[in-house]
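Quick notes on the structure that follows.
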Amino acid sequence: MTDIREDLTTRAAYVSDASIYRRLPEAVAEPRSVEEVRELLALAKERGWSVVSRGGGTSVAGNAIGDGLVIDTSRHFNRILSIDPEAMTATIEPGVICDQLRSAASEFGLTYGPDPSTHSRCTIGGMVANNACGSHSVAWGTSADNLVSLKVMLADGRVVELHEGGTSEPGIDRALTGIRDRHLAMLRTELGQFPRQVSGYGLHYLLGEKGFDAAKAFAGTEGTCGVITELTVRLVRRPAHTALAVLGFEDAFEAATAAPKLRVPGVYTIEGMGADLLDALRTRQGQEHAGGELPRGGGWLYCEVGADTLEEAEAAARTLPGLVPENVVDSVIVSDAGQARALWRIREAGAGIVTRLPDGGEAWPGWEDSAVPPARLGEYLRDLYDLLHELGLTGIPFGHFGEGCVHIRISFDLGTEEGMATYRTFIERAARLVHRYGGSVSGEHGDGRARSELLATIYSPEALAAFAAFKAVFDPDGVFNPGVLVDPEPIDQGVRPGPGARTFELTPVHAFSRDGGSFSSAVNRCVGVGSCRSDVGAMCPSFQATHDEVHSTRGRARSLAEMLRGESITDGWKSKETLEALDLCLSCKACASECPVNVDMATYKAEFLHHHYRHGLSSFLGRNRRPMAHFTMGWMPLLMRIVEKVPLSFRLINLLESHRGVEELTKRLGGIEPRRRMITFAEQPLTRWFRGRPAARSGGGPAETRPSVVLWPDTFTNFSADAPGRAAVEVLEAMGYRVLMPMGNVCCGLTWHSTGQLDMTQKVLRQTLDVMEPLIEAGYPIIGLEPSCTVMLQEEITELLPGDPRARRVTELTTTIGAFAARHLAEGGAWPFRELATEAGPAGAVCQVHCHQQSMSGYGPELEVLAKLGVDTAVVGGGCCGLAGNWGFEPGHYEVSQTLGERELFPAIRSAADGTIVLADGFSCRTQIAQGTGADGVHLAEVMRAALPPAEPGER
């Protein structure tokens, strides 16, 4: 039998989905087979647990949470069983990710039609359970429309097959026939009235004219009737070529009014959004350039057109503005795939972006997916905004305007009793409003806890009775997802960010300037859209290695939120459960940019560790003591300074560590992972070499007349890997600069920060600013070589020393050598480099971009420099190398570290041609590469030095 996870660490990670609701489950299980699902249901019956099925946990309605047993199919129960390209169907297990199926089907020129914005992590089982749709529903319909058959396990362990014509059980067929026959008029007049009417159960599919399709009727039951164990879904033919027409309107209302007129053959999407979403996008770290150039306007429609040829697609796209000449103010037609992708990225980021309003205020789901007949969308949207204004609320609309469906996150104040009262008032009045327009409280993603209570507003008592009868056929004992759809829970029960959610709050060390100084508000950024559960991109490495919800950014945020709530996790900052959830966080900072709302788990982890081990030396000696690695790795800069004072000490250390027995003893005493090899040290620190070298005689005139730059001597470059530092000095001097180094000991505090020793981090930074003050006042550029240290100076320093103007100035002056060189080149500076080449042609490089640099400033300037040097660069796309500084040297992390290296980095290096440059600016990255592949990585500065022409006689 599959393991039952009853530990609080796991349960806390599953308390919520992407909704505002919270339920602490009794247990979580991740089955691998139908038999294991059967055993789990038997166990749930024995223990009296309710059962909730869960896929990617991206539900915005609260239908993937519960206080009993959560069965998560996403981790193991996720095989594609078969694809039939002739029948255009696929048979799959429920945990298959939408993009996983789309990728597999693409081999046959097919795809799966429904594609919600969470397509990179939502499961097909969850999509069918919630009747998800996505942007292409204009052409390909809902999940129900694309469903052929289902296998469903009932509470007693029976597996029932559902399909067009009924089910595999005559008794169930008779019961469903009876429900249909008793309610024929209601089914034909209340249900299935427009494409996005998905609230309640889809009982209209039981009608004879619908083929008595039990599978489609089961779609949208939100886990209330059984556990889906197998699905056969319809695939669709992808258009051979597409073009994207983006139409601009005066505002979102005009866009909504025009949308139905664009529902013509060949149009696959009619997606809408307002200018407020663009404003919110611009406030997001790392999102400023997420999209392409939109046409003029205050509201937009994205219309994708498909055809057999590119010319036909473009021609059809150009006709669309003419269909709404009285509304459209501007348009742009895009056929290039990259440009189209850039534009689409704005819309797809919307679900996460709008959880924060442009002014930084919080916005929440709740009235997330309302829908009306498309022809009435413009009127409905205006009235909805009037209601928002009346109650003092704001929101950002976007969604499937061509289908009459609107997504909106609203500025509800869910943290106070008054705010919750306003929430209920708005939701109840909005339900009456949408009913007045003949609409549905849900246009996709189901009703869940957010809207099930509202079914009584939009449906007759007869419809509600039919729903209850349908559930009773499959789940007579009410085991599955109680409180949803039938006998609904109140819409304001168990709201996660509600009153009492922030009972435990301490003054943080970080400023949390984007969150009003509140650690709770920072943690609350995570609304749960689940971008961190995707295998695409750099976020989240530990989830990509384990596929465990606990080790996703979202799972960690949930654990921190539970800690702050103080109900389930009751010991606050001392929580072992939260410590365990944070343990596999590599502090790579990918979430700081890739998360739509910039959850920065690296910073949250540092803050937590600081408070968890806050008593200084007693944390070394006491019961709640720090890992030894926090001292050996965290205090490495200071230890190296001490060792430096002893002549020949680094040479002696290297000699001793070359003996395996000494190395093993050192690792044991230092709390270092035994399977790691110890690093070696430069026999002479970079700063000592720099002070003792002859004055530069390179081009650009006398040193005193050349512009000055400061080369930052980070701990790693200074004491261990000095070759990049020496190369950087030569490169900068060859470019015509006078190179300076600080005249005292400086450090960015990185190693203390990553281990959560924030008092010491602040102290070190203040001392550094004192040393650097003359150079800061002079305004000299500060060039960093170690990306993680550079990011500390570019980003973290002002969060740790918010009141020090010198810190702000340092962030403005600090840059990478690649960015500095690219700017120098753009400004017409001297370029003394030749193009690198081999006998076979241009030099090639495999490049591992440091995760901190990629997430904060990007690697674009470095790629410009490499291109100018004639280097053909292949960038490894897997994100963090897996070592992540001290994290990879700590016990218990080795397997995940190696798994991450083996995802893309190690294979790319092993398969590279002889003579390929292995480029990695990060010391940790080069260490991981050397220990994982035996290859020697080099820094960009070393590549640039190799491109310098040979020195003339008499020059260095």
Side-chain angles (χ1 to χ4, degrees), residues 285-286 537-542 544 585-594 600-603 679 712 714-717 720-721 723-725 727-728 748 750-751 753-754 782-796 814-822 845-866 873-889 897 900-901 903-906 908-909 917-933 935-944:
Q285 181 176 317
M539 178 181 68
C540 165
S542 50
Q544 291 168 347
C585 173
L586 287 78
S587 298
C588 69
K589 295 188 79 72
C591 51
S593 60
E594 290 197 10
D600 185 356
M601 193 55 62
T603 299
I679 62 174
W712 183 262
D714 64 86
T715 296
F716 309 102
T717 305
S720 184
C748 70
L750 169 69
T751 57
H753 186 264
S754 63
I782 302 169
I783 298 176
L785 297 176
E786 174 57 40
S788 52
C789 296
T790 306
V791 168
M792 281 291 295
L793 298 177
Q794 290 175 320
E795 301 285 341
E796 304 293 351
T814 302
T815 185
T816 64
I817 192 170
F820 183 80
V846 172
C847 177
Q848 170 64 27
V849 181
H850 193 285
C851 49
H852 286 193
Q853 181 170 354
Q854 183 63 51
S855 65
M856 306 310 291
S857 60
Y859 201 69
E862 284 75 8
L863 292 176
E864 291 179 25
V865 171
L866 288 164
T873 308
V875 176
V876 178
C880 184
C881 68
L883 186 61
N886 61 281
W887 183 89
F889 279 88
S897 176
L900 292 172
R903 288 183 72 233
E904 294 190 39
L905 176 59
F906 294 170
I909 292 172
I917 300 167
V918 177
L919 181 60
D921 288 351
F923 174 75
S924 293
C925 303
R926 296 194 298 273
T927 302
Q928 176 80 325
I929 289 167
Q931 296 190 7
T933 69
D936 292 325
V938 297
H939 193 284
L940 174 63
E942 296 176 271
V943 177
M944 296 175 72

Test item: [X] and [Y] side chains (from C-beta on) under 4.5 Å apart, heavy atoms:
X	Y	answer
W712	L785	no
T873	L863	yes
F906	L900	no
Y859	C847	yes
V876	V846	yes
H939	I817	yes
V865	M944	yes

Rounded distance (nearest 0.5 Å) linking atom [atom1] of [X] with atom [atom2] of [Y]:
X	Y	atom1	atom2	result
T814	F820	OG1	CZ	12.5 Å
D936	I917	CG	CD1	13.0 Å
Q848	C881	CD	SG	5.5 Å
C851	M856	SG	CE	11.5 Å
E795	T790	CD	OG1	11.5 Å
S593	M539	OG	CE	8.0 Å

Does [X] use its side chain to pair, donor to acceptor, with the backbone of [Y] at less than 3.5 Å?
X	Y	value
E786	G922	no
H852	S587	yes
S897	G882	yes
D921	H850	no
S720	F716	no
Q928	T933	no
T717	D714	no

What are the two closest heavy atoms between P724 and A941, and how far apart are they?
-> O-CB, 3.7 Å
Audit row: E796, K589, salt bridge (Lys or Arg N to Asp or Glu O under 4.0 Å) steps and yes/no | CA-CA 12 Å; E796 304 293 351; K589 295 188 79 72; 2.6 Å; yes
So, T816 versus E862: side-chain donor-acceptor pair below 3.5 Å or not?
-> yes
